[in-house]
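Order of the sequence lines sets the chain letters (A, B, ...), proteins ahead of strands, with each chain counted from 1. Note that this is a predicted model, so its numbers are computed, not measured.
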Amino acid sequence: MKIATYNVNGISARLTVLLRWLQETQPDVVCLQELKAPQEKFPAEALLEAGYEAIWQGQKSWNGVAILSKVGKPEEIRRGLPGNHDDDQSRYLEAKVNGLTIGCLYLPNGNPAPGPKFEYKLRWMEHFAQHAASLLASKEPIILTGDYNVIPTELDAYKPERWVEDALFRPETRAAFEQLLAQGWTDAIRYLHPKETIYTYFDYFRNAFGRNAGLRIDHFLLSPNLKDKLKAAGVDREARSWEKSSDHAPVWIELEDA
DNA sequence: ATGTCCGCGCACCGCGGA
């Protein structure tokens, strides 16, 4: 079973690229982030024609997450994090797909830092960590994937010294991510590729993709019972090179069938 | 500081967000 995550940076502007990528790579399950579309503008029909049933949590202009599947419609478990009721941003969607619990997240960017946006990011990470802990306690097979907006280590940025003040790499952010991993989650990409330079995001400026000036900020966190089922993991860099591409590349893992 | 792309609206450019 192949599961992918893709920050599309606007699903309306990205539809052609998204459909091409689905057609060429055929993932079973896909988590999307940054739909930048209200609930009623989600292209459910075009995706259905491509073979994918979907659930989504839209929002006008910003954010927005979706879970697509061609192995049975995702059974929604929740939208939004528990205990985060005053959060009106569409950033978390969770569903059961093919026996797996899939959490699709778009963690706040947090810039400029310090400031209220950074505080919001750290609060969101606290709520997320609490929820992640309760999911682990269930002993179910769980995947938490999406755009974490976290550069975990120096290996994950092309010039880490340029990012030390940035909300994606500040000590508080990294510490929060480390604490999350310490609960028992496995960072799938790093587990299979411990020393490799792997980037999932390249900004649109200064030919960042052409210079391989990227960041690794889209992650797969696996519950302990899935760790030994992980067969492969990678980044579809090709899709980042296409005309009208997102600033993120799709990231994927392959799990041994349960 | 720069750069680029997306969606929005006091809309055909300028702005916030990333």
For the pair made of [atom1] in [X] and [atom2] in [N], what is the distance, rounded to whole Å?
{"X": "A/N7", "N": "B/dG17", "atom1": "CG", "atom2": "C1'", "value": "13 Å"}
{"X": "A/Y204", "N": "B/dG7", "atom1": "OH", "atom2": "C1'", "value": "12 Å"}
{"X": "A/W62", "N": "B/dC8", "atom1": "CH2", "atom2": "C1'", "value": "8 Å"}
{"X": "A/F202", "N": "B/dG3", "atom1": "CZ", "atom2": "C1'", "value": "17 Å"}
{"X": "A/E34", "N": "B/dG17", "atom1": "CD", "atom2": "P", "value": "13 Å"}
{"X": "A/D203", "N": "B/dT2", "atom1": "CG", "atom2": "P", "value": "15 Å"}
{"X": "A/H248", "N": "B/dC5", "atom1": "NE2", "atom2": "P", "value": "15 Å"}
{"X": "A/W163", "N": "B/dA18", "atom1": "CH2", "atom2": "C1'", "value": "10 Å"}

Problem set entry | Side chain to side chain, A/R190 and A/D156, heavy atoms closer than 4.5 Å |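 Yes, close enough: below the 4.5 Å cut-off.
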Problem set entry | Side chain to side chain, A/L47 and A/L19, heavy atoms closer than 4.5 Å |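 Yes, side chains in contact.
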Rounding to the closest angstrom, what is the interatomic distance between [N] and [M] at atom [atom1]?
{"N": "B/dC15", "M": "B/dC10", "atom1": "P", "result": "15 Å"}
{"N": "B/dT2", "M": "B/dG7", "atom1": "P", "result": "25 Å"}
{"N": "B/dG3", "M": "B/dG9", "atom1": "C1'", "result": "25 Å"}
{"N": "B/dA1", "M": "B/dC6", "atom1": "C1'", "result": "22 Å"}

For this session: Could you work out which one of B/dG7, B/dA18, B/dC8 sits closest to the side chain of A/P38?
Result: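 Looking only at heavy atoms from C-beta outward on A/P38, the closest nucleotide is B/dC8.
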Exercise. Looking at the side chain of A/R14, which of B/dG17, B/dC5, B/dA18 is the nearest nucleotide?
Worked result: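 Of the options given, the side chain of A/R14 lies nearest B/dC5.
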So, does [X] get its side chain near the phosphate of [N], meaning an N or O under 4.0 Å from OP1 or OP2?
{"X": "A/K41", "N": "B/dG7", "value": "no"}
{"X": "A/K244", "N": "B/dC6", "value": "yes"}
{"X": "A/K60", "N": "B/dG17", "value": "no"}

Exercise. Mapping A/R162 and A/A37 to their closest nucleotides on DNA chain B, which lands nearer the 5' end?
Worked result: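 Upstream on the strand: A/R162.
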For this session: Report, as yes or no, whether the 6.0 Å neighbourhood of atom CD on A/Q39 holds more than 12 heavy atoms from other residues, nucleotides or ligands.
Result: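 Yes, the 6.0 Å shell around CD holds more than 12 heavy atoms from other groups.
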For this session: Report yes if a donor N or O on one partner sits less than 3.5 Å from an acceptor N or O on the other, where the partners are the side chain of A/R206 and the base of B/dT2; otherwise report no.
Result: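 Donor-acceptor pair under 3.5 Å: yes.
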For this session: Verify the distance criterion only: is there a donor paired with an acceptor across the side chains of A/H248 and A/Q33 at less than 3.5 Å?
Result: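 There is no such pair (donor and acceptor under 3.5 Å, judged by atom type) between the side chains of A/H248 and A/Q33.
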For this session: Using a 4.0 Å heavy-atom cut-off across all strands, classify A/S246 as base, sugar-phosphate, or nothing.
Result: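 Nothing, no nucleic acid heavy atom in range.
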Exercise. Parallel under 30°, tilted from 30 to 60°, perpendicular over 60°: which one fits the rings of A/W163 and A/Y158?
Worked result: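 Perpendicular, since the angle between the ring planes exceeds 60°.
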